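Note that ligands are numbered from 1 as they come in the structure, with each ligand's atoms numbered from 1 the same way. Fair warning: this is a prediction, and the values are worked out from it, not measured in the lab.
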Amino acid sequence: MDAYELITRNAAEVVTEEELRTLADDPDGKRAYVGYEPSGVLHLGHMLTATKLIELQEAGFEVTVLLADVHAYLNDKGSFEEIRETADRMQEQFIAYGLDESQTEFVLGSEFQLDEEYTLDLHAAELETTLSRAKRAMAEIQRGDHAKVSQMVYPLMQALDIEYLDVDLAVGGLDQRKVHMLARETLPELDYEVRPALHTPIIADLDSGVGKMASSSGVTISMEDSEDEIEAKINDAYCPPTADPDPDGDGNERENPVLQLYQYHVFPRVETVVVERPEQYGGNLEYDDYETLEADLESGDLHPMDAKSALAAELNALIEPGRQQLNA
Ligand code: IYR
């Protein structure tokens with residue numbers, strides 16, 4: 001795999017491809033970042049972008065994780081004190097999940113976002129941005145119907161972070177794309193350079209395969225889950241024997257979340273997946289890549305129940321170091 005392929009593996013979108021190709025030509029010493037609002041415990045949503053960061057480290061990138069305490073505050077996630085405590089715990093959880101401590105810089109937003117220069121730049125960005133533009137950028141991030149002024153300032157700060165953290169690449173879930181588009185418009189207004197963005201896919205709701213997996217609305221998997229809980233959740237997951245979201249072509253799309261978890265969470269981190277089966281059902285199966293597993297599910301050589309139990313075991317193994325650390 002060349003560097004561009006490794007960097008963009010499993011990405012849902014790259015903005016722009018050309019800018020990213022330039023980066024991939026010489027990835028050494030380049031810096032990528034993801035920001036997270038400290039809240040709750042690490043769950044699959046965080047782990048998806050963390051996996052991309054781990055791949056970027058393998059490709060030679062340096063990585064910054066922004067623990068976006070000020071953003072969490074602006075987005076009504078609690079008091080500063082609570083948010084900071086959560087940030088400390090999350091940092092430990094990211095390391096337990098596999099981010100290499102020696103290659104990862106953890107930064108709290110409040111370390112630089114309250115500086116005078118940043119604040120003045122923020123006001124300049126506010127002056128360049130209409131309320132409706134800021135609101136649109138926040139549509140997928142802000143919860144609740146009544147947007148606050150703080151939530152209109154939020155995307156502009158996220159744009160400025162790219163400049164102030166001096167990163168070459170911004171990484172995020174697809175829900176961050178509108179903020180990154182706003183950043184592409186705003187940074188040049190302040191005479192700063194535009195940087196490319198890479199967006200990871202959104203995993204579908206586990207039970208239905210429709211919409212997105214979200215801790216707020218449906219079933220999600222976090223480091224806090226016990227082995228039994230993960231087994232039960234995966235066991236109940238929607239898993240038709242296909243990866244095609246619309247096999248009958250009627251426009252009603254349902255993703256296969258079990259396959260998505262294999263593709264986006266397991267295979268990037270695990271060399272070989274072993275599906276254990278009794279001899280009488282054909283014995284164990286081994287997969288070195290996602291595509292073969294998908295093909296076997298489609299052909300019927302791999303039964304959805306077997307795919308699920310192996311997935312639960314893999315997720316449990318990935319989460320185990322974090323779980324131990326939570327319980328320590
Ligand atoms: N908007 C993100 C959090 C966030 C991301 C980045 I990249 C920042 O520079 C700041 C905040 C979220 O929705 O979690």
Any side-chain donor paired with an acceptor under 3.5 Å for [X] and [Y]?
X      : Y      : value
Asn75  : Gln142 : no
Asp121 : Tyr192 : yes
Tyr290 : Glu294 : yes

Under 4.0 Å from a heavy atom of [X]: which atoms of ligand 1 are those, numbered in the order shown and with their elements?
X      : result
Asp161 : 8 (C), 9 (O), 10 (C)
Ile141 : 1 (N), 13 (O)
Tyr154 : 1 (N), 2 (C), 3 (C), 12 (C), 13 (O)
Ala68  : 10 (C), 11 (C)

For Asp115 and Tyr164, what are the C-alpha separation, side-chain angles and deciding distance, and is it a side chain to side chain donor-acceptor pair (under 3.5 Å)? CA-CA 11 Å; Asp115 290 354; Tyr164 276 78; over 6 Å; no
Going by distance only, is there an N or O of Tyr36 that falls short of 3.5 Å from an N or O of ligand 1?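 N/O-N/O distance below 3.5 Å does not exist for this pair.
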Would you check the N or O atoms of His71, main chain and side chain alike, for any that come under 3.5 Å of an N or O of ligand 1?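 No: no nitrogen or oxygen of His71 is under 3.5 Å from one in ligand 1.
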In terms of residue, atom name and distance, what is the protein heavy atom nearest to [atom]?
atom                   : value
atom 8 (C) of ligand 1 : Gln158 CG, 3.2 Å
atom 5 (C) of ligand 1 : Gly35 O, 3.3 Å
atom 7 (I) of ligand 1 : Tyr33 OH, 3.1 Å

Please work out whether the ring planes of Tyr118 and Phe112 are parallel, tilted or perpendicular, with thresholds of 30° and 60°.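 Plane angle over 60°, so perpendicular.
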Do Arg9 and Phe267 form a cation-pi contact, if we require the NZ or CZ to be under 6.0 Å from the six-membered ring centre and within 45 degrees of the ring's axis?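 Checked: cation-pi criterion not met.
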Within 45° of the six-membered ring axis of Tyr238 and under 6.0 Å from that ring's centre, is NZ or CZ of Arg254 located there?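 Flagged: Arg254 positioned over aromatic ring of Tyr238.
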What do we get for Gln176 next to ligand 1 when only non-hydrogen atoms under 4.0 Å count, side chain, backbone, both or neither?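 Just the side chain.
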Measure Leu66 to ligand 1 on non-hydrogen atoms and call it side chain, backbone, both or neither using the 4.0 Å cut-off.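 It is the side chain that gets close, since no backbone atom is under 4.0 Å.
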Aromatic contact, Tyr36 with Phe94 (centres under 6.0 Å):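 So the answer is yes for these two rings.
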